[in-house]
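Let me begin by presenting the structure, written as structure tokens, before commenting on it.
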Number of protein chains: 2
Amino acid sequence: MDPSQKLSQSWDANAQVWTRAVREGLIPSRKAATDAAILDAIRARAPKRLLDMGCGEGWLVRAAREMGADAVGIDGSEALIEAAQKLDPLSDYLVLPYEDAAEDPDALGGPFDAITLNYALLGETIQGLLATLATCLTPSGAILIQTLHPWSAADGRYEDGWRTEDFSAFEGEAWEPMPWYFRTLASWQRVIAGAGLRTAGIREPAAEPGAPPLSILFVCERT
Amino acid sequence: MDPSQKLSQSWDANAQVWTRAVREGLIPSRKAATDAAILDAIRARAPKRLLDMGCGEGWLVRAAREMGADAVGIDGSEALIEAAQKLDPLSDYLVLPYEDAAEDPDALGGPFDAITLNYALLGETIQGLLATLATCLTPSGAILIQTLHPWSAADGRYEDGWRTEDFSAFEGEAWEPMPWYFRTLASWQRVIAGAGLRTAGIREPAAEPGAPPLSILFVCERT
């Protein structure tokens with residue numbers, strides 16, 4: 001099985017433990033800084049309509065709705081969307097693999113003032129999806145990408161390539177290892193520009209001032 | 001003396017040892033990757049007219065001229081411009097402190113197809129100068145900023161602030177310590193955007209594939 005397929009499959013395989021980890025706040029970096037960072041970035045755009053792409057079990061859709069946004073969640077994993085709908089039957093959730101989303105912008109139901117990708121661009125081939133999402137923005141809209149910080153996550157090899165997350169930093173239970181594609185900063189910049197977007201802002205959330213960044217957050221607008 | 005004044009002064013104090021270090025190739029990171037990176041970035045823009053801001057003893061002006069560009073060098077240090085002119089009497093060199101350049105774009109003699117700042121933005125207050133330089137570009141022109149990589153240079157404190165270069169990694173001789181202002185990636189992005197520029201490309205030169213980047217190089221175009 002190629003890493004892209006294995007990545008998709010791992011979300012279904014980990015759906016239950018993942019849902020529990022998110023809902024019980026078991027991921028230290030998320031509690032320390034990165035949840036707050038994506039929420040701040042959304043708040044700064046004050047979106048009326050928001051799409052959370054790769055929404056998983058739906059926490060960000062629920063949070064965006066609490067901020068007053070009309071929020072939609074899309075994910076490729078049926079099991080995660082089921083979990084999202086069960087907790088939040090009133091929001092719009094949709095099962096849609098990224099490959100299909102990249103080919104069919106109409107299925108996404110835009111335009112949106114903000115599209116979030118919160119640790120949701122973990123594959124190798126993402127420029128097509130980003131370019132499609134760019135066409136689903138309102139003129140003043142933004143795509144907010146939060147992801148692993150290339151410098152903190154490099155782990156001694158600073159070059160693009162597949163890596164494996166074994167979830168050893170996560171609490172207990174049986175996790176299925178997940179392949180993910182490491183990108184350097186230069187590579188992220190190329191993909192963003194290649195999708196017809198420009199980086200209007202960068203945030204580097206950390207647990208405290210001066211500490212190594214726990215993530216990187218790109219605020220992307222259409223060029 | 002405040003760090004900005006001390007920074008300017010250190011260039012004059014170190015002019016002789018600096019000139020020797022550059023001309024005899026004594027700075028390992030420059031030989032390993034960063035000289036080639038700025039030259040590649042210039043080549044990619046194929047500039048007819050180039051301004052090297054903070055040109056020091058002039059090596060990049062000489063190299064750009066060898067590539068066929070009409071190259072001008074400006075620096076705040078009289079001693080370094082003297083060294084530049086002595087080796088290369090035919091090129092245009094000008095002593096001009098950054099504060100004066102920021103206030104008087106006409107003094108710079110634009111428009112330029114490329115403006116290089118090769119380890120030449122080491123102070124705290126740089127947005128005004130960058131904004132002025134942006135007005136000196138041709139419509140398709142670019143500002144090329146190569147500087148210390150925020151990740152490699154953080155040294156355990158990832159936040160903006162004055163640091164001190166003691167030149168201990170450099171060979172022999174008596175160096176005067178130089179204050180320089182560390183900037184996070186997010187801070188660089190803010191300064192670049194604040195100057196009316198957008199990052200069209202990022203390069204992260206390294207000694208070999210996968211090795212930690214030795215510098216970061218921003219290719220900036222007008223928004």
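Residue numbers start from 1 in every chain, and the chains themselves are labelled A, B, ... in the order their sequence lines are given, proteins ahead of strands.
- For Leu217(B), no part lies under 4.5 angstrom from a heavy atom of chain A.
- Residues forming a side-chain contact (heavy atoms from CB on, under 4.5 Å) with Ala84(A) (at least two apart in sequence, or on another chain): Tyr93(A).
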Listing, residues 186-198 of chain A side-chain donor-acceptor contacts under 3.5 Å, not counting sequence neighbours, or none:
unit_1, atom_1, unit_2, atom_2, d
Ser187(A), OG, Asp160(A), OD2, 2.6
Gln189(A), NE2, Thr199(B), O, 3.0
Arg198(A), NH2, Glu221(A), OE1, 2.7

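- Partners of Trp11(A) according to the ring-ring contact (aromatic ring centres under 6.0 Å, His included) rule, which considers only residues two or more places apart in sequence or in another chain, are Trp18(A).
- To the nearest 0.5 angstrom, Ile202(A) atom CD1 is 9.0 Å from Thr184(B) atom OG1.
- Taking each heavy atom of Tyr158(A) and Pro213(B) in turn, the nearest pair found is CD2-CD, 3.6 Å.
- Aromatic ring centres of His149(A) and Trp151(B) lie farther apart than the 6.0 Å criterion allows.
- Annotation: residues 119-136 of chain A contacts chain B through no residue [non-hydrogen atoms, separation under 4.5 Å].
- Considering CD of Glu159(B) and CD of Glu204(A), their distance stands at 12.5 Å, rounded to 0.5 Å.
- Your options are Ala206(B), Gly201(B), Pro212(B), and the one with the most heavy-atom pairs under 4.5 Å with chain A is Gly201(B).
- Other residues, nucleotides and ligands contribute only 12 or fewer heavy atoms inside 6.0 Å of the CG atom of Asp155(B).
- Of the atoms belonging to Ala200(B), it is backbone heavy atoms, and not side-chain ones, that fall under 4.5 Å from chain A.
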